[in-house]
Amino acid sequence: MSDAVSPAPSKDASLTDRLTLPRYPLSSTYDARWAVENQMGPHALWLLEWLAPALGLDALRPCARVLDLGCGRAMTSIFLAREFHAQVTAADLWIRPDDNARRIAEAGFADRVQPVHVEAHDLPFAEGSFDAIVSVDAYQYFGTADLYLPTLTRLLKPGGRIGIVVPAVREELAGAEPPEHLKAHWDPGFWSFHSVGWWHRHWTRSGAVQVEAADWLEDGWRDWLLWSEVCAAESPDPEMARESVELVKADRGQLLGFARIVGRRP
């Protein structure tokens with residue numbers, strides 16, 4: 001296994017210490033500098049580590065076929081291969097497969113993780129191809145339409161599970177204006193943030209899955225803020241992290257956090 005996913009070197013000890021949280025023990029074994037350099041938003045490994053127990057060991061058993069949808073720079077795909085010995089399809093629209101293939105190979109998992117370039121509404125896979133589908137900090141971009149989940153879950157084997165973690169709001173937003181305390185930091189894309197209750201209802205009434213988990217990450221905003229502050233200081237491309245710091249500081253847990261939803265195909 002390469003240094004890319006090994007414990008962080010001593011020169012980054014302070015960075016590692018800052019990003020070592022007791023509730024994410026697996027993520028803490030990854031090189032903190034590697035995670036910062038490949039970030040594309042909230043800490044994807046932390047969120048996946050929170051998602052995994054709700055998916056269950058039957059969905060993430062060794063050699064399980066997993067679709068990592070919206071995998072970004074494939075950190076989550078490497079995590080799935082390393083921690084659960086899964087066979088992962090690392091699917092993303094924004095990151096080129098060649099770029100992810102290099103990162104995957106450097107981590108030592110070229111035999112378990114296959115990067116592909118796909119658009120989420122045009123997935124070239126056969127029905128029943130996967131034991132599990134995961135999506136971390138991505139599903140809100142393409143999965144809020146009423147008809148999307150039934151189309152996606154046809155790719156699952158019967159009994160297979162889909163699990164997502166998405167930025168979320170404690171309560172659904174009413175009206176056409178953003179919350180007053182967030183107006184200065186609001187982006188129209190944030191209207192895709194929904195409550196746990198909204199996601200539970202959205203998936204249940206689709207008829208495509210039986211919802212097995214729908215919950216809120218307690219104090220998730222604190223993790224989001226910590227990670228954003230670190231990336232604002234340490235990332236080679238810090239602008240998005242700086243904007244996140246301003247957003248989460250303005251909110252301080254009033255509204256924003258993370259939702260976890262898991263469903264099983266009947």
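The residues of the chain are indexed from 1 along the displayed sequence. Both backbone and side-chain heavy atoms feed into the values below; hydrogens, waters and symmetry mates do not.
For G163 against L51, the heavy-atom pair with the smallest separation is O-CD2, 3.6 Å. The two residues A81 and R112 have their closest heavy-atom pair at O-NH1, 2.8 Å.
No salt bridge links R73 with E37; every basic N to acidic carboxylate O contact stays at or beyond 4.0 Å. In this structure, E127 pairs ionically with R265, as a charged nitrogen and a carboxylate oxygen lie closer than 4.0 Å. By the 4.0 Å N-to-carboxylate-O rule, E246 lies too far from R242 to be salt-bridged with it. Of the charged side-chain nitrogens involved, none lies within less than 4.0 Å of a carboxylate oxygen, so that D99 and R96 do not count as a salt-bridged pair. Using a 4.0 Å cut-off between a side-chain N of Lys or Arg and a carboxylate O of Asp or Glu, K157 and D131 qualify as a salt bridge. A salt bridge links R18 with E229: the closest approach of a Lys/Arg side-chain nitrogen to an acidic carboxylate oxygen falls below 4.0 angstrom.
Aromatic rings from W94 and Y141 are positioned such that their centres are separated by under 6.0 Å. Ring pair F258/W224: centre-to-centre distance below 6.0 Å.
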### Task
Test side-chain hydrogen bond (donor to acceptor under 3.5 Å, both in side chains) on S195 and E171 and set out the steps.
CA-CA 5 Å; S195 66; E171 297 179 355; over 6 Å; no
### Task
Test side-chain contact (heavy atoms from CB on, under 4.5 Å) on R61 and F84 and set out the steps.
CA-CA 6 Å; R61 64 185 182 276; F84 301 103; over 6 Å; no
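Ring-plane geometry between H202 and W198 is classed as parallel, the angle between the planes falling under 30 degrees on a 0 to 90 degree scale with a further cut at 60.
Of the listed residues (L123, T89, L69), just one forms a side-chain contact (heavy atoms from CB on, under 4.5 Å) with L155, and that residue is L123.
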